[in-house]
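Residue numbers count from 1 along this sequence.
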Amino acid sequence: MTTRRMSCAAVARTNGDRMSDYDHAPLLGIPRIATGISHFLAEGPVWDPVRGRILWVDIMDGGVYSGRFAHGGAIDIDEKVQFPDTAGAIAVSQAGEWLVAGTERLYTRGIDGEITAGPDLISGAGRRFNDGKPDPAGRFVVGTKGPGDEQLIQVGADGTVTVLDDDLTLSNGLAWTKDGRTLYSIDTLCRRIHVRHYDPITGETGERRVFLEVAEGYPDGMTIDSEDHLWVALWGEGCVIRISPAGDIVGRVDVPAPHTSCPVFAGPDLDTLVITTATEGMTPADLAAHPLSGRLFTVGTGHRGIHPNLWAGTIQPTENPLEEYA
């Protein structure tokens with residue numbers, strides 16, 4: 001992925017001294033450093049409201065982290081679970097089971113800690129699962145990253161796969177409105193946020209259309225607030241932008257790490273924005289200039305999220321659980 005090193009508030013650009021497209025948007029808080037460790041590709045933060053914890057992945061490492069809020073916006077890591085290949089996304093059930101998007105298959109982790117592999121769902125050299133989330137009924141919607149013609153698929157509780165898109169450059173962030181009837185989805189490399197009607201009961205979708213084309217940076221992960229405004233991490237720009245249902249950029253959070261990857265509202269009141277970042281693609285000079293890259297950040301924005309969708313199904317397993325990873 002081509003990247004940009006400057007923050008949202010940067011003025012100087014390679015095409016002349018002009019303001020960023022996001023500089024007009026008001027700042028919505030100052031982020032705090034939440035974790036002490038740096039990740040290569042931290043992504044997909046998820047609030048687990050039942051157990052009061054925040055979950056996230058380090059994709060290429062295959063690690064899934066669990067943490068709890070501490071004093072001053074910090075997150076204390078209380079568990080890391082290693083999966084056998086990449087970990088593109090995580091979802092959690094009411095009972096506390098995990099669903100993790102591996103490279104070509106989905107894994108479940110039971111409440112006893114046992115990890116079980118599902119069947120291969122995608123194929124192709126250089127292709128892997130990327131961002132994914134449960135829909136309002138608990139089905140898992142997940143996209144792919146690879147050489148091109150990437151997919152966004154919907155996986156039912158019985159393992160049935162429905163292809164929603166098959167023409168993407170890089171499938172990324174997902175968000176449903178609070179009534180569950182609208183799905184937003186990101187296609188990163190063409191800098192588009194798509195929108196479509198979504199039936200929250202059946203999972204049937206309407207025609208996809210372009211909601212917004214991002215002018216600077218690459219839209220990555222995404223969440224939504226109680227006013228149905230999107231919050232989109234811009235990879236290469238070092239910020240998260242808030243977008244109204246009309247498509248206007250109405251706020252931003254500047255992050256001291258250029259590779260911002262994904263936000264989520266978390267905490268008992270869903271009023272803390274957690275932001276993941278990455279060091280992927282950064283040179284030694286980049287890392288020296290942005291030493292906090294790869295950390296998680298938290299910020300109070302004055303806005304609240306909506307109750308997260310929980311995973312509600314069991315993906316059909318292959319014959320042998322991966323007991324060595326339990």
Separation between CG of Asp23 and CD1 of Ile249, rounded to the nearest 0.5 Å: 10.5 Å
Any salt bridge linking Glu150 with Arg127? Criterion: basic side-chain nitrogen under 4.0 Å from a carboxylate oxygen. yes
From the list Ile186, Asp187, Asn172, side-chain contact (heavy atoms from CB on, under 4.5 Å) partner of Pro219 resolves to Ile186
Per side-chain contact (heavy atoms from CB on, under 4.5 Å), Thr223 is matched among Val232, Val264, Ile275 by Val264
Determine whether Leu174 and Val142 make a side-chain contact, defined as any pair of heavy atoms from C-beta on separated by less than 4.5 Å. no
Check Ala89 against Gly132 and note the closest heavy-atom contact, atom names and distance. CB-N, 3.4 Å
Rounded to the nearest 0.5 Å, the CZ atom of Arg242 sits from the CG atom of Leu273 at a distance of 11.0 Å
Does Thr277 reach the main-chain N or O of Gly294 with its side chain, forming a donor-acceptor pair under 3.5 Å? yes
Would you check if Tyr107 and Asp85 make a side-chain contact, meaning some heavy-atom pair closer than 4.5 Å? yes
Closest heavy-atom pair, Asp286 versus Gly281, reported as atoms and distance to 0.1 Å, is OD2-O, 4.3 Å
From CA spacing to verdict: side-chain contact (heavy atoms from CB on, under 4.5 Å), Ile115, Val81: CA-CA 10 Å; Ile115 294 175; Val81 178; 4.1 Å; yes
Distance, nearest 0.5 Å, that separates CD1 of Ile193 from OG1 of Thr188: 9.5 Å
So, do Gln94 and Val50 sit near enough that their side-chain heavy atoms are less than 4.5 Å apart? yes
Same cluster for Val46 and Ile77 if Ile/Leu/Val/Met/Phe/Trp/Tyr side chains link at under 4.5 Å? no
May I ask you to check if Arg191 and Tyr218 form a cation-pi contact, with NZ or CZ under 6.0 angstrom from the six-membered ring centre and within 45° of the axis? yes
Heavy-atom donor-acceptor pair, Glu114 side chain to Thr108 backbone, under 3.5 Å: no
Check the pair Ser293, Thr279 against side-chain hydrogen bond (donor to acceptor under 3.5 Å, both in side chains), reporting the backbone distance first and the verdict last. CA-CA 6 Å; Ser293 293; Thr279 59; over 6 Å; no
Could you walk me through whether Ile224 and Trp176 pass the side-chain contact (heavy atoms from CB on, under 4.5 Å) check? CA-CA 7 Å; Ile224 199 165; Trp176 283 263; over 6 Å; no
Among Val210, Leu183, Thr182, which one satisfies side-chain contact (heavy atoms from CB on, under 4.5 Å) with Val195? Thr182
Output, in order, the C-alpha distance, side-chain angles, deciding distance and verdict of side-chain contact (heavy atoms from CB on, under 4.5 Å) for His303 and His229. CA-CA 10 Å; His303 299 277; His229 285 54; over 6 Å; no
Report the distance from atom CG of Leu170 to atom OG1 of Thr144, rounding to the nearest 0.5 Å. 8.0 Å
Considering residues at least two apart in sequence or located in another chain, which fulfil the side-chain hydrogen bond (donor to acceptor under 3.5 Å, both in side chains) criterion with Asp78? Ser66, Arg68
Correct closest heavy-atom pair for Cys262 and Ala233 would be N-CB, 3.6 Å
Would you sort out whether Lys178 and Asp225 count as a side-chain contact (heavy atoms from CB on, under 4.5 Å), showing the intermediate values? CA-CA 8 Å; Lys178 59 187 175 183; Asp225 66 25; over 6 Å; no
Side-chain (Asn130) to main-chain (Ser171) donor-acceptor, under 3.5 angstrom: yes
Evaluate Asp254 against Arg252 for salt bridge (charged side-chain N to carboxylate O under 4.0 Å, His left out), listing each step before the verdict. CA-CA 6 Å; Asp254 289 345; Arg252 75 178 198 269; 3.1 Å; yes
Side chain of Asp179, backbone of Arg181: donor and acceptor closer than 3.5 Å? yes
Side chain proximity check, Gln154 to Val141, heavy atoms < 4.5 angstrom: yes
Just to verify, what does Asp48 make a salt bridge (Lys or Arg N to Asp or Glu O under 4.0 Å) with, not counting sequence neighbours? Arg51, Arg53
Angle between ring planes, His39 versus Tyr65, binned at 30° and 60°: parallel, tilted or perpendicular? perpendicular
So Tyr22 and Val214, do their side chains get closer than 4.5 Å, heavy atoms only? yes
Under a 4.5 Å side-chain heavy-atom rule over Ile, Leu, Val, Met, Phe, Trp and Tyr, are Val100 and Leu41 clustered together? yes
Below 4.5 Å, heavy atoms only, C-beta onward: do Val240 and Phe297 meet side chain to side chain? no
Which pair of heavy atoms, one from Ala278 and one from Ala42, lies closest together, and at what distance? CB-N, 4.4 Å
Do Gln151 and Leu168 have side-chain heavy atoms sitting under 4.5 Å apart? no
Could you measure the distance from the CG atom of Leu28 to the OG1 atom of Thr301? Nearest 0.5 Å is fine. 6.0 Å
Between Arg192 and Thr169: side-chain donor-acceptor atoms closer than 3.5 Å: no
Of all heavy-atom pairs between Lys133 and Met222, which one has the smallest distance, and what is that distance? NZ-O, 2.6 Å
Indicate yes or no: at least one non-hydrogen side-chain atom of Leu230 is less than 4.5 angstrom from one of Leu212. no
In terms of heavy-atom contacts, Pro268 and Trp47 come closest through N-CZ2, 3.8 Å
Are Trp56 and Phe40 connected, step by step, through hydrophobic side chains (Ile, Leu, Val, Met, Phe, Trp, Tyr) whose heavy atoms are closer than 4.5 Å? no
Can you tell me how far CG of Asp220 sits from OG of Ser261, rounded to the nearest 0.5 angstrom? 6.0 Å
Taking atom CD1 as the centre, does Ile30 end up with more than 12 heavy-atom neighbours from other residues, nucleotides or ligands that are less than 6.0 angstrom away? no
